Novice: 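There's a structure below that I have some questions on.
Throughout, a chain's letter reflects where its sequence line sits, starting with A, and its residues are numbered from 1. Since this is a predicted model, take the numbers as computed values, not measurements.
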Protein chains: 2
Amino acid sequence: MVNRLHGGGVLVTIRDVAKEAGVSTATVSRVINNKGKITKETQAIVERAIKDLSYTPNVLARSLSNRKSYAVAFIVPTITNPFFPEMARAVEDVARDNGYNILLCNTDDKRERFAEYITSLTSQFVDGIIVNSHNMEKSDLEALQKHNIPVVMIDRVLDSDLATSIAVKNREGARMATEHLVEIGCERIAHISGMEEEWNSAQRMWGYRDVVGDLPWFDQSWIGKAAFNVHSGYQVAKEIFSRHPEVDGIFCANDLIAIGTVKAAYEWGKKIPNDLAIVGFDGINMSEQTVPSLTTVLQPIYDMGQLAMEELIKKMEDKEEKPKKYVLDVDLLIRESTMRSSTLQKDI
Amino acid sequence: MVNRLHGGGVLVTIRDVAKEAGVSTATVSRVINNKGKITKETQAIVERAIKDLSYTPNVLARSLSNRKSYAVAFIVPTITNPFFPEMARAVEDVARDNGYNILLCNTDDKRERFAEYITSLTSQFVDGIIVNSHNMEKSDLEALQKHNIPVVMIDRVLDSDLATSIAVKNREGARMATEHLVEIGCERIAHISGMEEEWNSAQRMWGYRDVVGDLPWFDQSWIGKAAFNVHSGYQVAKEIFSRHPEVDGIFCANDLIAIGTVKAAYEWGKKIPNDLAIVGFDGINMSEQTVPSLTTVLQPIYDMGQLAMEELIKKMEDKEEKPKKYVLDVDLLIRESTMRSSTLQKDI
DNA sequence: CTGAAAGCGCTTACAG
DNA sequence: CTGAAAGCGCTTACAG
């Protein structure tokens, strides 16, 4: 009764265990899952047999019976942006504690890639989805809903009551960042934003405009558009330097852009923070570890991942029906890139 | 015949499609999988029905029948080390092109966590495993083998013919790095190594010793032990500075440690590269984006991930039996952190 | 070219 | 407390 696989391995099934223990498969299933009443003796016998045959249950078969795979998809633009690994850790920590596995999906912000994932994930393979992408459309949410797959969206509020969403006060954070630059004496403050299609990116730009939008020197040319990565930040910062050599403060839409801006400033000969003060957004670990360390708007990255997974579990396990909307607070972390009058070396 | 899920959703099965099209489930299965001969007409009818019911096959059921889940585990110490996201992208790119999904597993270098994953993964949930961890033991490989789950190990050569391994010339790379420091004039060269249990970490240390081990000033106190992250590198660098203020070059076992060393040097008032030249290892993207940019030993990170997944696919699809051992070349990338006589600003 | 039926390895009402 | 049997949703020899 033991199946030989073509590869040469041997697959022990619940049937083999039942035979070995002299009981039915139902009984074996019960001891494995600790369900129903069983006498100490039969339990011992079954456990003995499981050990002897070094049996491990086939989770695929179990999943099919239970209609539950204990797998969850984590969809991100790209895991190479350090923001997402930090969040992934939180998601995975909660997932593991609850017996779930994480499927990693990178979309590169491409609608096509995203749509492929949604299609493949609706095939009953995952029990739920955590998504961090501006590619989600209403129709996706409906398809997911139809297949009974709950969704938690992070950092992206698609206005829908089909999914729980978790975001931060992007606009307020951006305002804090820009006001901080004003307070330390910056008089020409530029902004490097992320892609306009990104909701959070747009919010951060508006926060910046809330502060400088009415000042006499301001016009659109003070806003540069970058992608959320270092290289793009570096390039756009240089464009701003040549357009506005008098710039003395930059609020960057994320920390990676800020790191690129630091590099551009260094090459351009601008001293940080005295010639140019820089503020980032996100509060990734790296923001503290660069030279100079970055002033930034801290999102509670780990907490967001944790909350997302916890909410998703509630929905998957049917204890909750109504999607919720979280909007979390952010903090301004003041570090070297804006510390003009500190005891630290003033410039790099 | 349509099943109503408790959540309110509706699950369309192959049976519903068959009924709708007036054919057997076997036929539906054949058109879905493009197997066997079918007339154009029945195919059209079936496709019509699939569309009308917006049917998607249940991959769990398919997996159970096929004994193939099209899922692969990617096991890493922690995805927050940027080395792994870069590799994960390669793995996922190849995986996606071949219809596989990636399960993300962080072990934090803990044997216990690792063992839990191995146990859970042997339950037929994944078709193969790519592992980057020094926690793998011979018994794990045997268990995996027993369950017919092929393994590719990266950056870690556990001497076994049960798994394919992919590594780089760690010792040679370390030698190149240290020799480079000698060549630019460093006379007291320290090393900050990773954890000793790590095979690659040990190799890099030996490469360093190959170059400086016989010099009169050398002793064990020139080697600091860190974990593979920025904060640890920062701390150990400071220890070295106070133990050996005369240090003028440091070879760090990875780029994160090097980034921490840059920060420590900055705080300590040591100018890079003239007071202190620094070389890292790995060649993560960030190594190019710091100020100063880091001289480093470049591993072909993306290629390694790609190769790993390609090899794994071969093994999963049974075209290959014999495990292989790859040992790839590395390159020394010379950048600002060791450019003592360049036209760049000399110091930061 | 197509269908009836058995099988993948579990789980779980339903009896007893 | 335990077992026989049906079912989860697919796939695939085997007939025809």
Novice: Looking at the side chain of B:Val23, which of D:dT2, C:dG3, D:dG3 is the nearest nucleotide?
Specialist: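 Selected nucleotide (nearest to the side chain): C:dG3.
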Novice: Would you tell me if any nitrogen or oxygen in the side chain of B:Asn66 comes within less than 4.0 Å of OP1 or OP2 on D:dT12?
Specialist: yes
Novice: Figure out the NE2/C1' separation between A:His147 and D:dG9, and round it to whole Å.
Specialist: 14 Å
Novice: Using the P atom as the point on both nucleotides, what is the distance between D:dT2 and D:dA6, in whole Å?
Specialist: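 Approximately 23 Å lies between the P atom of D:dA6 and that of D:dT2.
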Novice: Can any side-chain N or O of A:Asp127 pair as donor or acceptor with the backbone N or O of A:Ser69 at less than 3.5 Å?
Specialist: yes
Novice: Using a 4.0 Å heavy-atom cut-off, does A:Leu64 contact any base of the nucleic acid, only the sugar-phosphate backbone, or nothing at all?
Specialist: base
Novice: Which listed nucleotide (C:dC10, C:dT11, C:dA4) is nearest to the side chain of B:Ala26?
Specialist: C:dA4
Novice: What's the OH-P distance between B:Tyr70 and D:dT11, to the nearest Å?
Specialist: 11 Å
Novice: Could you identify the nucleotide paired to C:dA4, looking across every strand shown and requiring Watson-Crick or G-U wobble geometry with both distances under 3.5 Å?
Specialist: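 Pairing partner, where one exists within any strand: none, as none qualifies.
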Novice: Taking the side chain of A:Arg30 as its heavy atoms from C-beta onward, which of D:dT2, C:dC10, C:dG3 lies nearest to it?
Specialist: D:dT2
Novice: Rounded to the nearest angstrom, tell me the gap between atom CZ in A:Arg67 and atom P in D:dC8.
Specialist: 7 Å
Novice: So, does B:Asn34 use its side chain to make a donor-acceptor pair with the main chain of B:Val31 at under 3.5 Å?
Specialist: no
Novice: Heavy atoms only: give me the nearest A:Met309-A:Val72 pair and the separation to one decimal.
Specialist: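 What the structure gives for the nearest pair is CE-CG2, 3.9 Å.
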Novice: What nucleotide, of C:dT2, D:dC1, C:dC10, holds the atom closest to the side chain of A:Ser65?
Specialist: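 That would be C:dC10.
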Novice: Looking across every strand, which nucleic acid part, if any, lies under 4.0 Å from B:Thr39 by heavy atom: base, sugar-phosphate, or nothing?
Specialist: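 Since only primed, P, OP1 and OP2 atoms lie under 4.0 Å of B:Thr39, the category is sugar-phosphate.
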Novice: Phosphate oxygens OP1/OP2 of D:dG9: is one of them under 4.0 Å from a side-chain N or O of B:Thr13?
Specialist: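 Result: no.
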Novice: Judged by each residue's nearest nucleotide on DNA chain C, which is more toward the 5′ side, B:Ala61 or B:Gly22?
Specialist: B:Gly22
Novice: Considering every strand shown, what is the Watson-Crick or G-U wobble mate of C:dA13 when both distances are under 3.5 Å?
Specialist: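 Looking at the geometry, C:dA13 pairs with no nucleotide.
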Novice: Describe the nucleic acid contact of A:Ser63 in one word from base, sugar-phosphate, nothing, applying a heavy-atom distance below 4.0 Å.
Specialist: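 A:Ser63: no heavy atom of the nucleic acid under 4.0 Å.
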Novice: What is the separation between atom CZ on A:Arg15 and atom P on C:dC8, rounded to the nearest whole Å?
Specialist: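 Value for this atom pair: 7 Å.
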Novice: When the distance from CD1 of B:Ile14 to C1' of D:dT11 is rounded to whole Å, what number comes out?
Specialist: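 Result: 8 Å.
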Novice: Between the side chains of B:Tyr302 and B:Asp93, does any donor sit under 3.5 Å from an acceptor?
Specialist: yes
Novice: Distance-only, no hydrogens or angles: does the B:Ser24 side chain make a donor-acceptor pair with backbone N or O of B:Thr27 under 3.5 Å?
Specialist: yes
Novice: Taking only side-chain nitrogens and oxygens of B:Thr25, does any of them come within less than 4.0 Å of OP1 or OP2 of D:dG9?
Specialist: no
Novice: Could you give the CD1-to-P distance, from B:Ile32 to D:dT12, as a whole number of Å?
Specialist: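 My rounded result for the distance is 12 Å.
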Novice: Expressed as a whole number of Å, how far does the P atom of C:dC1 sit from that of C:dA5?
Specialist: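 One P to the other, the span is 23 Å.
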Novice: Could you tell me whether the side chain of A:Asn81 and the main chain of A:Phe84 form a donor-acceptor pair under 3.5 Å?
Specialist: no
Novice: Could you check how far NZ of B:Lys35 sits from P of D:dT12, rounded to whole Å?
Specialist: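 In whole Å, D:dT12 P lies 4 Å from B:Lys35 NZ.
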Novice: Nearest to the side chain of A:Lys37, heavy atoms from C-beta on, is which of D:dC1, C:dT11, C:dG3?
Specialist: D:dC1
